[in-house]
Structures are given as C-alpha cells and as structure tokens.
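Right, one structure below, let's go through it.
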Protein chains: 2
Amino acid sequence: MKARTGQREFSVASGDNDAAIPPACTLCGVRSLTVCAPLDNAGLTAVDEIATRHTFEPGQTIFDEGEPSQHLFNVTDGTVKIYKLLADGRRQITGFLFSGDFLGLASEATYTYSAEAVTTTKLCCFRHGQLDELLQRSPQMERRLLAIAGHELAEAQEQMLLLGRKTAKERVASFLLLLSRRAKQTGRSEDPVHVPMNRTDIADYLGLTTETVSRTFTKLKLEGLIRLLPKSMVALADRQQLSDIAETS
Amino acid sequence: MKARTGQREFSVASGDNDAAIPPACTLCGVRSLTVCAPLDNAGLTAVDEIATRHTFEPGQTIFDEGEPSQHLFNVTDGTVKIYKLLADGRRQITGFLFSGDFLGLASEATYTYSAEAVTTTKLCCFRHGQLDELLQRSPQMERRLLAIAGHELAEAQEQMLLLGRKTAKERVASFLLLLSRRAKQTGRSEDPVHVPMNRTDIADYLGLTTETVSRTFTKLKLEGLIRLLPKSMVALADRQQLSDIAETS
DNA sequence: CCCGCACCTTGATCTGTATCAAGTCTTAGC
DNA sequence: GCTAAGACTTGATACAGATCAAGGTGCGGG
C-alpha cells in the first residue's frame, strides 16, 4: 500500500544489563526476560516464557495493518504510535502509547492499524494462544483487560470530539495537556513536558498539517502559555489557561 | 452546561403485545420482560429480573455524560446516538447504535458521554452490580464483552481516520455504506437504506455542518451515485463507486 | 569545530467548508 | 385537503487551515 519508512524484524532485547531496574510489564508484572509470574496468586504457577521482551528502535515498524494479529503487547518503556492510512497516503495517528499501555487489544484476526516505535521502545509480548490460556485461568486479568479496553474507548471518543469539533488551537492545547497528564502518571516528573514525536506525527494525530501545528505552537508561545525549550521539551507556563482553551473555544 | 432538548425518565416497556416476537437481547437472549436465562448453560440457573426492558421515544435522553453509570444496556430495537459536548454547545456524535449494540461499556464510574434515542428504542438494561455477579459466573460472557469492546475500539479508530483525514464527500459516502452494512447485518433487507437520523445528527457525526451534508447528498445524487427517496430512504445506486470514494480521494 | 540534513518555522496564497441568509419541501395535526 | 413548523436545500460570502515555497535551526558525525 504505502511508501513510508519502517524496517521490520524482531530485535530480541539482549538481556541488556544497565544499572536501572527494568520496567515492569503491566499485565504480568515481570521484570526479567523469561520468567513471568502473573499478578493473581489464585492457584497460578509462575509461567515461564509466556511473555517475551523485545526492543524497537525509533521508526521501526512493530506491525502493519492487515497482518495476522499474533501478539498482544504491553509497552514497558518508550513511545509507540498507532495509525491508519488511506490509499493515497493520508495518515491518521489514532493514538500514542506510553509505558503501561497495551497494544493490539482489538482482537480481530488481523491488526486493524499499524504500530511503529517513536522512541526506543521496550515491549512485553504475549502470543495470543498462550494469552488465552492465561486469561482462562485468571478471570481477574480478563477483568482488567476489559476495564482497559473500556478506558481506551473513552479516550477514543474524546479524540473524536477533538477531531470533529475543536479548532487548531484547542487541539494543540489538548494535546500538550494529554502529554503532561501521561508523563505525570508514568512517574516522570514533568513540568517541562517531553514531546518525543515530531511535528508531522503531532499533525497526523491532531488532524492538522505540520505548518498549522508549528504556527499554533508559536502563537501559544507568543501568548505566554508555553515555552519551547531545547531537547523537545515544552514548559506549560499557564496550565489553567491552556486547560480553558482545550475544552472550550 | 447545554441547552439542547431531551426529557428524562424511564418509561417501562408496557408489556406491549404486538403480534411480532420481541427482539432478543444479545447478552442474555431474553425475549420476555422479566425472565433472563443467560446464554451459557454451565451451571447457571435462569436468573429472574437481571435484565429489565425499557422503551425510549425519539429525542428522549437515556443518560447524560457525568451521571453515575449504573447500567449496561443492550439495544434490542431502534437507533441510539451517543455524543459529547463542548462547553459552548459544539457536539460530536461518537456513534450510532443499532439493534444488538451495547451501550455503556466504558466502565468508568460515570458515563463519559450522553445517549439519546433517535427512533423509538428498546433497551435491555443490566444493573452494574448484578451484571458483575453474572460475569463472575460466566467467563464466557466476559469474553464476549471483551471482544465487543475490542471491536468498538476498531470502529472508533476508523471514525478517527474519517474525522481527521477524509473530505466531506468521502465522509458521507463512508456513512452511507456504514448504514447499509449495519442494516444488512441487523437483518433488514436494505437496498434502499433507511436513514433514521436527521441532517444535524449526520453532520455532528461526520464533523461537518448540516449545509455541507446537504450539499454533499445533492452532489452524490447529481453524479448518479445515490437516489433520495421518500420516508428517509436512500438508494445506493452505485455501491462500487461509493466504496471507492469512501476509502480514497 | 564545522558540515549536512532533517526538522521546524514563517510567509503568501488558495480552497474546502463554515457561516449567514433565504427559500422550498415534508409531514403531522386538524 | 390545508396549514404551520420543522427539516432540508440552495446561494452568497467569509475564513480557518491547507498548500506552496523559502528560509532558519539544531544536532550528530567526521
């Protein structure tokens, strides 16, 4: 279908031994590479190798729309974008995923969207067959997945409101606040928010063009609501006013 | 917050005895008003009054955004619209629900959107507490809900693509094909598709204005792709070309 | 330290859709 | 059938954001 970049291939996480403790998978809590002790203790034995870990570099494709959906992923580090394309290449990014988010929930036979790493990304991967077994034994985990899916649905509807009815300025303000909220909840300190994706990605997420996104950033800066810092950092100088803009005209 | 219409109140379905068999609830399969025999037979006794039936008239509010979410609903007849509002009244309809669809899946403490009947609508209603019990006993049903939620997520992403990247003509073509698909799957014969919602609702669903929707219908008519019939019926004269338009430029 | 390239910003202009403003059609109630 | 009111269509005009076109800027590699 499309031209855009993106290599494939799984690059198995070399049991890279940095000092920092590896981030835990939301689903199974595993930190090590091979041993997965599922969350609920109800009679479940620790399961080896139900989950595998993989690392993707920026721009690398995780999967493409239409491919048989073999895995459910949990993002344990980094940022992922998921998107859909029209035949002529127009792209809509339907979400950015951060640490703790699930990827591939949609449970159709094939993926209904493509996924690509924005930054270096670590994923915890579950084969669908094995996952089903696991869920069978752990209704509690299934609960959790249902709740998560419901939550994502609510977010999708919020985004529809943005795409259908908000102005460029409202969209950008909403986006910055979203990043800030997510950074906080992921544990990163924030105030200067890290914006890991480029203008094109932001534009394709907000249903705008890069130029409009850029102009809108400039406008917000001139109004003193944000400050653009080096290293893709943005300071939300007047969070209150941004918030007012995001939800109203 | 907003001005718009909408009475409240549950009008309990008077055990209205028309000749036709009442439509079955997707979740529990119940057709009668009070007795609900859940789908899976695994040791489950028939449960009285887990599900109740209610009828809503056109324009009647089913629930409002922000209200405590007490029920999960299954639409057994009619059409429902769900929507979100901005403070100044701009509205985005995030979905139309038809026979068989679920309403209120999002499982937050309060509803994250409002729901209103488009046509006379029959709902099968489950109190959340009772539903949880039911699900606890029937993992199979929970499976099903998870699959449904996943499916809705996929649809939401498709709609984001529409709202973010499609032209007015592409949106209207997509919409007509959606209605046609749903009518077929709900069992209604179609070819002339019934369009039960008015131009304002269509506009608020497609992120357009009534005028643009109207002009686009006219254009499609002039190009011979559709025919506008009485009684809100629309004939899709050239489904192939409509389909081409819907997915591409 | 400098270079090159990708990314970002800014400017000029264009255009699809919104907005404003009349009509015209449909339909339900009488 | 007639009529009124809402729903729909059509036209004229405006404008937010797209498109086209240059520059700037920052950063990684030599």
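Because only heavy atoms are used, hydrogens play no part in the values below, and waters and symmetry mates are left out as well, while side chains stay in. By convention in this document, chain letters (A, B, ...) are assigned in the order of the sequence lines, proteins followed by strands, and residues within each chain are numbered from 1.
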Whole-Å distance, D204(B) CG to dA7(D) C1', equals 15 Å
With distance as the sole criterion, is a donor-acceptor pair present between the side chains of E57(A) and T120(A) under 3.5 Å? yes
Quick one: which of dT10(C), dG17(D), dA7(D) gets closest to the side chain of S214(A)? dT10(C)
Is a donor on one side and an acceptor on the other found under 3.5 Å between the side chain of T121(B) and the backbone of G78(B)? no
Please determine whether any donor N or O and acceptor N or O are separated by less than 3.5 Å between the side chain of R171(A) and the base of dG17(D). no
Rounded to whole angstroms, how far apart are CD1 on I202(A) and C1' on dC8(C)? 11 Å
Would you mind telling me which residue lines up with the more 5' stretch of DNA chain D, K231(A) or L208(A), judged by nearest nucleotide? L208(A)
Whichever of N198(A) and S232(B) has its nearest DNA chain C nucleotide further upstream toward 5': N198(A)
Tell me, do V80(B) and I62(B) make a side-chain contact under 4.5 Å, heavy atoms counted? yes
Report yes or no: is there a donor-acceptor pair, N or O only, under 3.5 Å between the side chain of R215(B) and the base of dT19(C)? yes
Donor-acceptor under 3.5 Å (T76(A) side chain, K122(A) main chain): yes
Euclidean distance, atom NZ of residue K169(B) to atom P of dG16(C) [Å, nearest integer]: 12 Å
Which part of the nucleic acid, if any, lies within contact of L206(A), taking any heavy atom under 4.0 Å across all strands shown: a base, the sugar-phosphate backbone alone, or nothing? nothing
Under 3.5 Å, is there any donor-acceptor pair linking the side chain of E211(A) to the base of dC8(C)? no
Check every atom of dT19(D), dA18(D), dT19(C) against the side chain of T212(A) and return the nucleotide holding the closest atom. dA18(D)
Options dT9(C), dC8(D), dG17(D), nucleotide nearest the side-chain atoms of L228(A): dT9(C)
Classify the nucleic acid contact of T218(A) as base, sugar-phosphate or nothing, counting any heavy atom under 4.0 Å across all strands shown. sugar-phosphate
Given dG17(D), dT17(C), dC8(C), which nucleotide is nearest the side-chain atoms of R199(A)? dC8(C)
note: M197(B), atom CE; dA7(D), atom C1'; distance rounded to Å ~ 15 Å
Spacing of K221(B) atom NZ relative to dT10(D) atom C1', expressed in whole Å: 11 Å
Could you give the CE-to-P distance, from M233(B) to dC8(D), as a whole number of Å? 16 Å
Under 4.0 Å between any heavy atoms, over every strand shown, what does K219(A) touch: base, sugar-phosphate, or nothing? Just pick one. nothing
Pick base, sugar-phosphate or nothing for T209(A), based on heavy-atom distances below 4.0 Å to the nucleic acid. base
Can you check the K166(B) NZ to dG16(C) C1' distance for me, whole Å? 17 Å
Check for me whether the distance between the ring centres of Y205(B) and F175(B) falls short of 6.0 Å. yes
